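Worksheet: one structure, shown below.
Here, residue 1 is the first one in the sequence, and each next residue gets the next number. What you see is a predicted model, and the numbers here were worked out from it, not measured in a lab.
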Amino acid sequence: NIDIKENDVIAVVGENGAGKTTLAKLLARLFEPTSGQIMYNGIDGIKYNEESLYKRISVMFQHFGKYKCTLQENVCLNDQADEMRVQKCLQAANFERKDISKDSLLGTEFGGTDLSGGQWQQVALARANYKNSEIIILDEPTSAIDPIKEKEMLENFREICKGKIGILITHRMSMAKLANRIIVLENGKIIEQGTHEELMNFEGVYWKLYYEQMKWYVR
């Protein structure tokens with residue numbers, strides 16, 4: 001069982017196939033549980049109107065949309081455009097392209113400007129933030145972003161999640177350290193949870209994953 005409250009920023013970690021993305025889809029009610037329950041404010045999720053629930057949740061998956069429209073339209077999509085809010089969301093996602101304005105067409109198919117993989121990822125993160133939902137779920141949100149911008153983005157994410165719930169699914173243990181609680185999955189089960197310090201002292205699966213990654217950087 002897990003209990004997630006307002007102002008929580010949760011990191012979900014585990015090896016490939018552990019069930020991280022499946023958990024995200026269950027929390028967003030894109031999958032229905034085959035057993036057990038997912039409760040929102042003490043009420044079983046299946047009793048909620050789907051449209052009402054979807055309005056409360058933003059999700060950025062690994063395979064996010066790259067829409068061939070303007071930068072502003074990419075961020076707000078069907079929501080009413082608020083230029084100031086679009087700009088704030090792009091800043092929080094650390095999107096920086098001085099040659100691109102809110103009205104710039106993105107994508108080369110119709111003569112627009114192409115973005116790097118990391119920049120598209122930043123636009124998708126801004127879109128998840130623009131929705132202003134109660135729960136924000138990010139699935140590998142910085143896989144194409146350099147480590148310096150990654151740290152800045154995640155610090156911004158903590159600010160964004162004040163008064164909300166933030167769930168961060170990642171393979172990068174350095175990102176997990178920024179969460180106030182870490183959940184470790186293995187074979188579809190929650191096997192460990194706690195802060196970075198607690199899990200390092202426990203010397204279990206999280207401890208092993210952390211040191212396996214650290215070997216790549218410490219010689």
Out of the candidates I57, V9, I137, only one should pair with I167 under the side chain to side chain contact (heavy atoms under 4.5 Å, CB included) rule; please name it. I137
So if you build clusters from Ile, Leu, Val, Met, Phe, Trp, Tyr with side-chain heavy-atom gaps below 4.5 Å, do [X] and [Y] land together?
X    : Y    : value
I182 : M214 : yes
L77  : V86  : no
V12  : I2   : yes
F157 : V59  : no
Y210 : I183 : no

If only side-chain N and O atoms count, and only distance matters, is there a donor-acceptor pair under 3.5 Å linking [Y] with [X]?
X    : Y    : answer
R181 : Q193 : yes
T21  : D139 : yes
N129 : K88  : no

Look at the side chain of [X] and the backbone N and O of [Y], then say whether any donor-acceptor pair between them is shorter than 3.5 Å.
X    : Y    : value
Q213 : H171 : yes
D8   : I4   : no
K68  : E109 : no
T70  : E73  : yes
R127 : N74  : yes
Q122 : N94  : yes

What is the minimum heavy-atom distance between [X] and [Y], and which atoms define it?
X    : Y    : value
F95  : I100 : CZ-CD1, 4.5 Å
C76  : A81  : SG-CB, 3.9 Å
C161 : G166 : SG-CA, 3.6 Å
N180 : R158 : N-NH1, 4.1 Å
R97  : T113 : NH2-CG2, 3.3 Å

Can you confirm whether [X] sits close enough to [Y] that some side-chain heavy atom of one is under 4.5 Å from a side-chain heavy atom of the other?
X    : Y    : value
T195 : E198 : yes
K164 : E134 : no
I169 : Q62  : no
L26  : I38  : yes
W120 : D114 : yes
Y211 : M173 : no
L115 : L106 : yes
L185 : I190 : yes

Spatial distance of atom [atom1] ([X]) from atom [atom2] ([Y]) [nearest 0.5 Å]:
X    : Y    : atom1 : atom2 : answer
H196 : Y206 : NE2   : OH    : 5.0 Å
I160 : L138 : CD1   : CG    : 8.5 Å
K177 : M200 : NZ    : CE    : 8.0 Å
R56  : I136 : CZ    : CD1   : 15.0 Å
Q72  : S104 : CD    : OG    : 11.0 Å
N132 : C89  : CG    : SG    : 8.0 Å

Output a table of donor-acceptor pairs, distance under 3.5 Å, between side-chain atoms of residues 45-54 and any protein atom two or more places apart or on a different chain; print 'none' if there are none.
| unit_1 | atom_1 | unit_2 | atom_2 | d |
| --- | --- | --- | --- | --- |
| Y48 | OH | Y40 | O | 3.0 |
| N49 | OD1 | E51 | N | 3.0 |
| N49 | OD1 | S52 | N | 2.9 |
| Y54 | OH | R29 | O | 3.2 |

Could you go step by step and tell me if K189 and E186 meet the salt bridge (charged side-chain N to carboxylate O under 4.0 Å, His left out) rule? CA-CA 5 Å; K189 295 182 183 297; E186 186 175 78; over 6 Å; no
Please determine whether salt bridge (charged side-chain N to carboxylate O under 4.0 Å, His left out) holds for the pair E83 and K102, giving the CA-CA distance in whole Å, both sets of side-chain angles, and the decisive distance to 0.1 Å. CA-CA 8 Å; E83 291 184 21; K102 66 180 179 65; 3.5 Å; yes
Should we say atom [atom1] of [X] is surrounded by more than 12 heavy atoms from elsewhere, each under 6.0 Å from it?
X    : atom1 : value
K208 : NZ    : no
D99  : CG    : yes
E192 : CD    : yes

Test T170 against V13 for side-chain contact (heavy atoms from CB on, under 4.5 Å), laying out the working first. CA-CA 6 Å; T170 183; V13 303; 4.0 Å; yes
From CA spacing to verdict: side-chain contact (heavy atoms from CB on, under 4.5 Å), Q121, M60: CA-CA 9 Å; Q121 210 162 32; M60 174 188 163; 3.4 Å; yes
